[in-house]
Amino acid sequence: MPTNPTATDSLLTALCPDLRTALLRVGYDADTLVEALGADVHAALSRSEPVPVRRAARAAGELGTLIRLLLLGDALPAREVGAALAPVRVDAAIAAGLLVRDGDEIRAALDLRPLDTGAGTRWILSDLDDSMRRRTLTEDHVLGVGHASLSLLRATPTERVGTVLDLGTGCGVQAVHAASYADRVTATDVNARALWLAEATAALNELEFELLEGSWFEPVAGRRFDRIVANPPFVVGPARIEHTYRDSGLALDGASELVIGQAPELLVPGGTASMLAAWVHLDGQDWRQRVSSWLPAHGVDAWVVQRDVADPALYVGTWLRDAGLDPRDPAAQARAEQWLDAFDAAEVSGVGFGFVYLRSIDGPTELLAEDLTHGFDDPLGAEVDGYFARSAWLRAVAADPDLAWNARFAPSPATALERISLPGESGWEQRVARLHRGDGPRWQHEVDESTIALVAGMRPDGLPLSELIELLAFADGADEVTPEFAGQALGVVSALVRHGLVIPA
């Protein structure tokens, strides 16, 4: 069973073995759900359109009953609910907080949905949101499987590790994912209700977590982990707490600053952190400098990926709706005024959002902060280990450049050369050449003809870089390789290596 020194015995957790039996018996899993509804109707769930789903569920027997009960929030006859949930007794489910009476009928009191995180179906318990029925969220509302949590799942590496810390676990979705690749999972949250639901989620999936209540890193002070994952309350705004799942009580991007700045202290040597974060864009300040200032001066290799930048007004409106508020409502307008006043006072021109990856190293802190706002389909988590391996190789080259000069290189199998004609004064004449990586984050580098020739000559069993550079210099009419030419060439190769367009053989 999960360990939670702050909780008494939970009726909901005790209910989970029978509840699991019912879900398996009915086929309430990710794949069967799509089969029963059809892909088009299933997509209506994410669009908050209950009618197509309800119509399809009526013909799906007991599985349809659970779809209507648990996903749509419909009130249904007790006999129908009892048959679909057997061997769970309706009265026991009500006492445990899973169901609630609505007159002569029964409604779900919690959200329970199947999710395939890559290791088969897992079930996630959380509070009901307003996706299917209008409702205003409470301060201790426990968020379910949202777009942010799903994006972090896809952006987290999954190679086997010993220990994982899930900071701010909420309903436990990141901890459930971590259990598929970690020997031991520790999950913390300041919200006791979140730990109650995370404990039940663990039991429902026959998993074991260590659950600890407390603020930020306090419950695990002095401990070290192989990996930290965090979807913290990073919403940027005034220093207030209206909803614990998103508001930290720290002004502006203080939550992201705290987590990014303190996480390295809890990593074992070589350990990594994967987290969602947000940062303000201030007039006259590069956002990269702001994030860089949060890191310690020593011991971290950091990769920061900005996926989006939101206008302040759009940002505020989005999060008002997230809490179930109508921006046209007078109370919501008053909140928006306060929020935007705080942004104006701090001269915020935008809010950036993305992923932060940290690796514990023995050396001065390094940071690459870059925009990846273009679309790509491959999960970013699969790229992280490769990125840090390439970064470590580049650090070794910085200490001993002969490693690069004596190395042989090859273009990545996914690297392609693109030549693009652009309109000029007399037609399509201006040309741009790019090396484009067709997998992972789909990086592109504009290159000149010398770089194209250099990369074209790279072979795993070919010439080392030093000899390729000599040939390139002679082809350009030089009698020898000058230090300036060599330095420029090494800089170009290093940039291509960092993004995996070219790899040391």
(request) Take Ile106 and Ile94, measure what side chain to side chain contact (heavy atoms under 4.5 Å, CB included) needs, and give me the verdict at the end. (result) CA-CA 9 Å; Ile106 303 295; Ile94 292 172; 4.1 Å; yes
(request) With salt bridge (Lys or Arg N to Asp or Glu O under 4.0 Å) as the test, would you mind laying out the steps for Arg390 and Glu383 before giving the verdict? (result) CA-CA 11 Å; Arg390 297 190 299 268; Glu383 185 70 22; 2.8 Å; yes
(request) Decide side chain to side chain contact (heavy atoms under 4.5 Å, CB included) for Phe343 and Leu252; before the verdict, give the C-alpha distance in whole Å, the side-chain angles of both, and the deciding distance to 0.1 Å. (result) CA-CA 8 Å; Phe343 280 167; Leu252 297 179; 4.0 Å; yes
(request) Apply the test side chain to side chain contact (heavy atoms under 4.5 Å, CB included) to residues Leu19 and Leu112: give CA-CA distance (whole Å), side-chain angles for both, the deciding distance (0.1 Å), then the verdict. (result) CA-CA 11 Å; Leu19 181 56; Leu112 197 175; 3.6 Å; yes
(request) Evaluate side chain to side chain contact (heavy atoms under 4.5 Å, CB included) for Thr186 paired with Thr163, printing each intermediate quantity in order. (result) CA-CA 8 Å; Thr186 298; Thr163 56; over 6 Å; no
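With respect to Trp287, the side chain to side chain contact (heavy atoms under 4.5 Å, CB included) criterion is satisfied by exactly one of Val304, Leu282, Val351: Val304. Residue Leu115 forms a side chain to side chain contact (heavy atoms under 4.5 Å, CB included) with just one option from Val176, Asp29, Leu153, and that option is Leu153. Checked against Leu358 for a side chain to side chain contact (heavy atoms under 4.5 Å, CB included), the options Leu295, Thr272, Leu367, Thr365 give a single hit: Leu295.
Distance check: Asn191 CG to Ser215 OG gives 12.0 Å after rounding to the nearest 0.5 Å. Atom-to-atom distance recorded for Thr318:OG1 and Leu314:CG is 4.0 Å, nearest 0.5 angstrom. Distance check, rounded to the nearest 0.5 Å: CG of Leu85 to CG of Leu66 gives 5.5 Å. Considering CG of Leu207 and CZ of Arg122, their distance stands at 6.0 Å, rounded to 0.5 Å. How far CG of Leu23 is from CG of Asp18: 11.0 Å, rounded to the nearest 0.5 Å. One finds the CD atom of Glu199 at 12.0 Å from the OG1 atom of Thr169 (value rounded to the nearest 0.5 Å).
Listed by first then second residue, pairs satisfying salt bridge (charged side-chain N to carboxylate O under 4.0 Å, His left out) with a partner in residues 300-310 read Asp301-Arg395, not counting sequence neighbours. Pairs engaging residues 77-91 under the side-chain hydrogen bond (donor to acceptor under 3.5 Å, both in side chains) rule: Thr65-Glu80, Asp91-Arg101 [sequence neighbours left out]. Among pairs with a residue in residues 165-184, those fulfilling salt bridge (charged side-chain N to carboxylate O under 4.0 Å, His left out) read Arg160-Asp183, at least two apart in sequence or across chains.
Taking each heavy atom of Val142 and Gly170 in turn, the nearest pair found is CG1-C, 3.8 Å. Contact between Pro312 and Ser349 at its shortest, heavy atoms only, is CD-O, 3.4 Å. Pro327 and Ala332 make their closest contact through CA-CB, 4.1 Å (heavy atoms, listed as atom of the first residue, atom of the second, distance). For the pair Pro114 and Tyr28, the tightest heavy-atom approach, listed with the atom from each and the gap, is CD-CE2, 3.6 Å. Of all heavy-atom pairs spanning Asp226 and Gly162, the tightest one is OD2-N, 3.1 Å. The two residues Gly440 and Asp378 have their closest heavy-atom pair at N-OD2, 2.8 Å.
Side chain of Gln174 to main chain of Ala230: no donor-acceptor pair is present (N/O by atom type, distance under 3.5 Å, no hydrogens or angles). For the pair Gln333 (side chain) and Arg328 (backbone), a donor-acceptor distance under 3.5 Å is present. Between the side chain of Trp294 and the backbone N or O of Gly254 there is no donor-acceptor pair closer than 3.5 Å. In this structure a side-chain-to-backbone donor-acceptor pair under 3.5 Å is missing from Asp371 to Thr373. Judged by distance alone, with hydrogens and angles left aside, the side-chain atoms of Ser292 form no donor-acceptor pair with the main-chain N or O of Arg288 at under 3.5 Å. Checking side-chain atoms of Arg321 against main-chain N and O of Gly317 turns up a donor-acceptor pair under 3.5 Å.
Side-chain contact between Trp123 and Asn205 is present, with heavy atoms from C-beta onward closer than 4.5 Å. In this structure the side chain of Leu98 reaches within 4.5 angstrom of the side chain of Leu125, judged on heavy atoms. A heavy-atom distance below 4.5 Å is not found between the side chains of Thr188 and Phe217. Thr121 is not listed as a side-chain neighbour of Asp31, based on a closest heavy-atom distance of 4.5 Å or more. Contact check for Val384 versus Glu159: no side-chain heavy atoms found under the 4.5 Å cut-off. By the 4.5 Å heavy-atom criterion applied to side chains, Leu380 and Tyr357 are counted as neighbours. With a 4.5 Å cut-off on side-chain heavy atoms, Arg113 and Leu45 do not count as touching. Considering only heavy atoms from C-beta on, His298 comes within 4.5 Å of Asp362 through its side chain.
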For residues 273-281, please give each side-chain donor-acceptor pair under 3.5 Å, one per line with the distance, not counting sequence neighbours.
residue	atom	partner	partner atom	Å
Trp279	NE1	Gln306	OE1	2.7
His281	NE2	Gln306	OE1	2.9

Donor-acceptor pairs are to be reported for all side-chain atoms of residues 50-63 against protein atoms at under 3.5 Å, with residues two or more places apart or in another chain.
residue	atom	partner	partner atom	Å
Arg54	NE	Asp74	OD2	2.8
Arg54	NH2	Asp74	OD1	2.8
Glu62	OE1	Arg25	NH1	2.7

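Residues meeting the ring-ring contact (aromatic ring centres under 6.0 Å, His included) test with Tyr181, sequence neighbours left out: His177.
Classified by interplanar angle (parallel below 30°, tilted 30° to 60°, perpendicular above 60°), the ring pair Tyr387/Trp303 is parallel.
In this structure, His147 places its NE2 atom where only 12 or fewer heavy-atom neighbours from other residues, nucleotides or ligands lie under 6.0 Å away.
Taking a cutoff of 4.0 Å between a charged side-chain nitrogen and a carboxylate oxygen, Arg498 and Glu370 do not qualify as a salt bridge. Look at Arg359 and Glu366 and you find no salt bridge, because none of the NZ, NE, NH1 or NH2 atoms lies under 4.0 Å from a carboxylate O.
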